[in-house]
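Working notes, structure below.
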Number of protein chains: 2
Amino acid sequence: MPEKQPAPSSHDMPQEPAQADRFCRARQARSATLLEDYAELIADLLASGGEARTVDVARRMGVAHATAVKTIARLKREGLATALPYRGVFLTAAGHALADRVRARHRLVVELLVAVGVPVEDAEADAEGIEHHVSDSTLAAFAGFLQGRK
Amino acid sequence: MPEKQPAPSSHDMPQEPAQADRFCRARQARSATLLEDYAELIADLLASGGEARTVDVARRMGVAHATAVKTIARLKREGLATALPYRGVFLTAAGHALADRVRARHRLVVELLVAVGVPVEDAEADAEGIEHHVSDSTLAAFAGFLQGRK
DNA sequence: GTCCGAATATAGCCTATGCTACACATCCTG
DNA sequence: CAGGATGTGTAGCATAGGCTATATTCGGAC
């Protein structure tokens, strides 16, 4: 048995278990993404208009309303939201807490991007995807960096 | 008909179509993520070991080998890879091009994160998720920022 | 050359996330 | 207060991306 030779490594690669970990974490972040986005959006709608209608949520997410209904059902299942039939959607305490965390993260990511020279519009758009993959450590570094250049 | 009043806006919200666009783009990026990651990993394996075995791909992605087989089938379907049964996996020209783009993006993201103070380990981990959401505009800004502080 | 273990592939199942089409409620208008 | 527009919910379908369990094939040891 060739005893797993480390390969002719003409080119560095990360250690295998560390790499698998990274991908697993990225996958997990991806699956949390949707609920986070919905929670944030619903919180924004509640704050700005007083109510969150499924049709508004759907329009703003850019999906069919049936899709929004299903995702809201999942939010309810996970204890993040409540809704009575034909009334709007509301967030539980947990839902609000999640939305607050996500929003803070989003703002910081946008600020950081802008600080390094990304146009505001692009920063907003990219932040929508990036925010879900920013670890606490990275977030802290962002805050420190922004602080330092004020 | 109340003519869609802009809502008591106690709190700013993005324009609705722009926001939907952002979410759509984020969703699209998310669905491209997997293929990009696989292409990059396979390219790395080919470069460092000379061959990419499905078992290695699976181990490094942190998934069951059956999952890797399925995703590789999708790569083939999309014209990014080729594979003969029981031989390794190879990338087409398109696959290599994709891998190169992804790799360049990955490196730049890591560099940027490190430059603003993120520990290398965390930068590597977060970049795995972030890289798929960085637009060309943002990428260019990153490059400019790094250039400027050299 | 045969046989066994490792690698590979297939099959079948599950959940998440989209969609369209259809059914039912609500509410505003006249 | 009747009726239609609009909002809401349900049903059924598709694909992506996980998994486990079960073949198959390959390749090296003997």
Identify all side-chain donor-acceptor contacts of residues 78-88 of chain B below 3.5 Å with residues at least two apart in sequence or on another chain.
none

Taking the minimum atom-to-atom distance to the side chain of [X], which one of [options] wins?
X        : options                   : value
Ala66(A) : dT8(D), dC19(C), dT8(C)   : dC19(C)
Arg27(B) : dC19(D), dG18(C), dT26(C) : dG18(C)
Pro85(B) : dA9(C), dA16(D), dC19(C)  : dA9(C)
Lys70(B) : dC19(D), dT24(D), dT8(D)  : dC19(D)
Ala64(A) : dT20(C), dT8(C), dT8(D)   : dT20(C)
Thr54(A) : dC19(C), dA9(C), dT8(D)   : dT8(D)

Is the closest basic N to carboxylate O distance between [X] and [Y] below 4.0 Å?
X         : Y         : value
Asp136(B) : Arg105(B) : yes
Arg59(A)  : Asp56(A)  : yes
Asp44(B)  : Arg103(B) : yes

Distance check needed: [N] [atom2] versus [X] [atom1], whole Å only.
X        : N       : atom1 : atom2 : value
Glu51(B) : dG27(D) : CD    : C1'   : 13 Å
Tyr86(B) : dT25(D) : OH    : P     : 6 Å
Lys76(A) : dT8(D)  : NZ    : P     : 12 Å
Arg25(B) : dG18(C) : CZ    : P     : 17 Å
Asp56(B) : dA6(C)  : CG    : C1'   : 12 Å
Gln28(B) : dA16(D) : CD    : P     : 14 Å
Leu84(B) : dT25(D) : CG    : C1'   : 14 Å
Glu78(B) : dA16(D) : CD    : C1'   : 11 Å

For this session: Describe the nucleic acid contact of Thr67(B) in one word from base, sugar-phosphate, nothing, applying a heavy-atom distance below 4.0 Å.
Result: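 The answer is base, as Thr67(B) lies within the cut-off (heavy atoms under 4.0 Å) of a base atom.
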
Exercise. Which part of the nucleic acid does Val69(B) contact within heavy-atom distance under 4.0 Å: base, sugar-phosphate only, or nothing?
Worked result: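 Val69(B): base contact, heavy atoms under 4.0 Å.
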
For this session: Determine: side-chain N/O of Arg87(B) to OP1/OP2 of dA9(C), distance under 4.0 Å, yes or no.
Result: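 Answer is no, no contact under 4.0 Å.
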
Problem set entry | Presence of donor-acceptor pair under 3.5 Å, side chain of His65(A) and base of dG7(D) |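 No such pair is found, so the answer is no.
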
Problem set entry | 5' priority, DNA chain D, between Arg30(A) and Val55(A) [closest heavy atom] |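 Taking each residue's closest nucleotide, the earlier one in sequence belongs to Val55(A).
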
For this session: State, without any angle test, whether Asp126(B) and Ser135(A) hold a side-chain donor-acceptor pair at a distance under 3.5 Å.
Result: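 Asp126(B) vs Ser135(A): donor-acceptor pair found between side chains.
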
